[in-house]
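To start, the structure under review is shown below, and the notes come after it.
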Amino acid sequence: GVPTLQWKTPVEAGCSRLAVTPQRLACATLNGVELFDPETGEAKERLSAGPAAGWLRGVSALPAGVFVAGGDNRALFAWSLAKPTSPETW
């Protein structure tokens, strides 16, 4: 069948990549990752990589509420939803 639009959420800079879990839709964007409820489109969290990260070009969802993304600054960021304001950086 043909896909139908379920919801629409504006992301100011747009999304470069998406990752989906049953609880969250992650949108890799400029300097961070925006998280939404996949059923309703409601904004849930913003995971900041800081202003030096640039565009995050990829995002993956891992078990236990962890999201990993890579940025233009050649760094990897990992956020746990238990501590979303403190990403690990490599």
What are the two closest heavy atoms between Asp37 and Glu39, and how far apart are they?
OD1-N, 2.7 Å
Kindly list each side-chain donor-acceptor pair under 3.5 angstrom involving residues 75-83, sequence neighbours excluded, with atom names and distances?
| from | atom 1 | to | atom 2 | distance (Å) |
| --- | --- | --- | --- | --- |
| Trp79 | NE1 | Ser48 | O | 3.3 |
| Ser80 | OG | Ala82 | N | 3.2 |

Looking at Arg17 and Gly58, what are the two nearest heavy atoms and their distance?
CG-CA, 3.8 Å
Mind checking what makes side chain to side chain donor-acceptor pair (under 3.5 Å) contact with Thr85, not counting sequence neighbours?
none
Taking side chain to side chain donor-acceptor pair (under 3.5 Å) as the test, write out the residues that go with Glu12, two or more places apart.
none
Is there a donor-acceptor pair closer than 3.5 Å between any side-chain N or O of Asn31 and the backbone N or O of Ala49?
no
Output all residues satisfying salt bridge (Lys or Arg N to Asp or Glu O under 4.0 Å) with Arg24, sequence neighbours left out; order by chain, then residue number.
Glu45
State which residue, out of Val33, Thr29, Leu56, fulfils the side chain to side chain contact (heavy atoms under 4.5 Å, CB included) condition with Leu47.
Val33
Run through the side-chain heavy atoms of Ile, Leu, Val, Met, Phe, Trp and Tyr, join any pair under 4.5 Å, and report what else lands in Leu25's cluster.
Trp7, Val11, Leu18, Val20, Phe36
Considering all heavy atoms, the nearest Ala61-Ala19 contact:
N-CB, 4.0 Å
Quick check: closest heavy atoms across Pro38 and Gln23, and the distance to 0.1 Å?
CD-O, 3.3 Å
Are Val59 and Glu34 side-chain neighbours, meaning at least one heavy-atom pair lies under 4.5 Å?
no
Side chain to side chain donor-acceptor pair (under 3.5 Å) involving Asp72 - partner list, sequence neighbours excluded
Arg57
Do you know the tightest heavy-atom contact between Cys27 and Gly14?
SG-O, 4.2 Å
Considering all heavy atoms of both residues, which atom of Ala13 and which atom of Leu30 are nearest to each other, and what is their separation?
CB-CB, 3.9 Å
